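Since this is a predicted model, take the numbers as computed values, not measurements.
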Amino acid sequence: QVQLVESGGGLVQAGGSLRLSCAASRSIFRANTWGWYRQAPGKPRELVATITPGGSTNYADSVKGRFAIFRDNDKNTVYLRMNNLKPEDTAVYYCSFYPWKNWGQGTQVTVSS
């Protein structure tokens, strides 16, 4: 069982910033595409951003220009930098790796207006 540990969530005012982190075991980190998903109450889990082993990134339209995903292969960690947060970004954020079958416990992000 792969263990994923997300951290960095919290309560922030609209316009603020947060950085989420997800640590994983070395054996599975380098060779995989990683992603951040989020799930708001009453809504399905949605893809926020992905990053390939080579560093190519992809973002949901709703976060383009505000969020940035990056990875540190030496630390086996993937990050999500979130700027200009909006109330609609409120959700539990999860990290995973393709094919998206392993999940951490998630970290709560709450953005107040």
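For Asp74, the side-chain contact (heavy atoms from CB on, under 4.5 Å) partners are Arg30, Asp72, not counting sequence neighbours. With sequence neighbours excluded, the residues that form a salt bridge (charged side-chain N to carboxylate O under 4.0 Å, His left out) with Lys64 are Asp61.
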Starting from the C-alpha separation in whole Å, work towards a yes-or-no answer on side-chain contact (heavy atoms from CB on, under 4.5 Å) for Ser62 and Arg38. CA-CA 12 Å; Ser62 60; Arg38 67 186 180 186; 3.4 Å; yes

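Using a 4.5 Å cut-off on side-chain heavy atoms (C-beta onward), Asn83 and Arg81 make contact. Side-chain atoms of Val78 and Ile51, non-hydrogen and from C-beta on, do get closer than 4.5 Å to each other. Between Trp36 and Leu20 there is a side-chain heavy-atom pair separated by less than 4.5 Å. Between Val12 and Ser17, every side-chain heavy-atom pair lies at or beyond the 4.5 Å cut-off.
In summary, the aromatic rings of Phe97 and Trp34 are positioned with their centroids under 6.0 Å apart. When ring centroids are compared, Phe70 and Tyr79 come within the 6.0 Å threshold.
Of the possible donor and acceptor atoms, one in the side chain of Ser96 sits under 3.5 Å from a partner among the backbone N and O of Asn102. Not a single donor-acceptor pair under 3.5 Å links the side chain of Asp89 to the backbone N or O of Leu85. At distances below 3.5 Å, not a single donor-acceptor pair connects side-chain atoms of Tyr98 with backbone N or O atoms of Thr52.
Under a hydrophobic clustering in which Ile, Leu, Val, Met, Phe, Trp and Tyr are joined whenever their side-chain heavy atoms come within less than 4.5 Å, directly or via other members, Val48 and Tyr94 fall into different clusters. In the hydrophobic cluster analysis, where Ile, Leu, Val, Met, Phe, Trp and Tyr join through side-chain heavy atoms closer than 4.5 angstrom, Val63 is grouped together with Leu80.
Residues Ile69 and Gly35 come closest through the heavy atom pair CD1-CA, 4.2 Å. Here the closest non-hydrogen pair linking Tyr59 and Ala68 is OH-CA, 3.3 Å. Minimum interatomic distance between Thr90 and Ala40 (heavy atoms only, all atoms of both residues): O-CB, 3.7 Å. In this structure, Cys95 and Trp103 approach most closely via the heavy-atom pair O-CE3, 3.8 Å.
More than 12 non-hydrogen atoms from other residues, nucleotides or ligands lie less than 6.0 angstrom from CD of Glu88.
Applying the salt bridge (Lys or Arg N to Asp or Glu O under 4.0 Å) rule to pairs touching residues 6-15 yields nothing, sequence neighbours excluded. The list of disulfide (SG to SG under 2.5 Å) pairs with a residue in residues 32-85, not counting sequence neighbours, is empty. Applying the disulfide (SG to SG under 2.5 Å) test to pairs two or more places apart or on separate chains, none has a residue in residues 61-94.
Taking the ring axis of Phe29 as reference, the NZ or CZ atom of Arg71 stays within 45° of it and closer than 6.0 Å to the ring centre. Judged by the 6.0 Å distance and 45° axis criteria, Arg45 is not positioned over the aromatic ring of Trp100.
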Which atom pairs, one a donor and one an acceptor, fall under 3.5 Å between side chains of residues 106-113 and the rest of the protein, sequence neighbours left out?
from: Thr107; atom 1: OG1; to: Gly9; atom 2: N; distance (Å): 3.0
from: Gln108; atom 1: NE2; to: Ala91; atom 2: O; distance (Å): 3.4
from: Gln108; atom 1: NE2; to: Thr110; atom 2: OG1; distance (Å): 3.3

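Between Phe67 and Tyr93, the two ring planes are tilted [angle within 30° to 60°].
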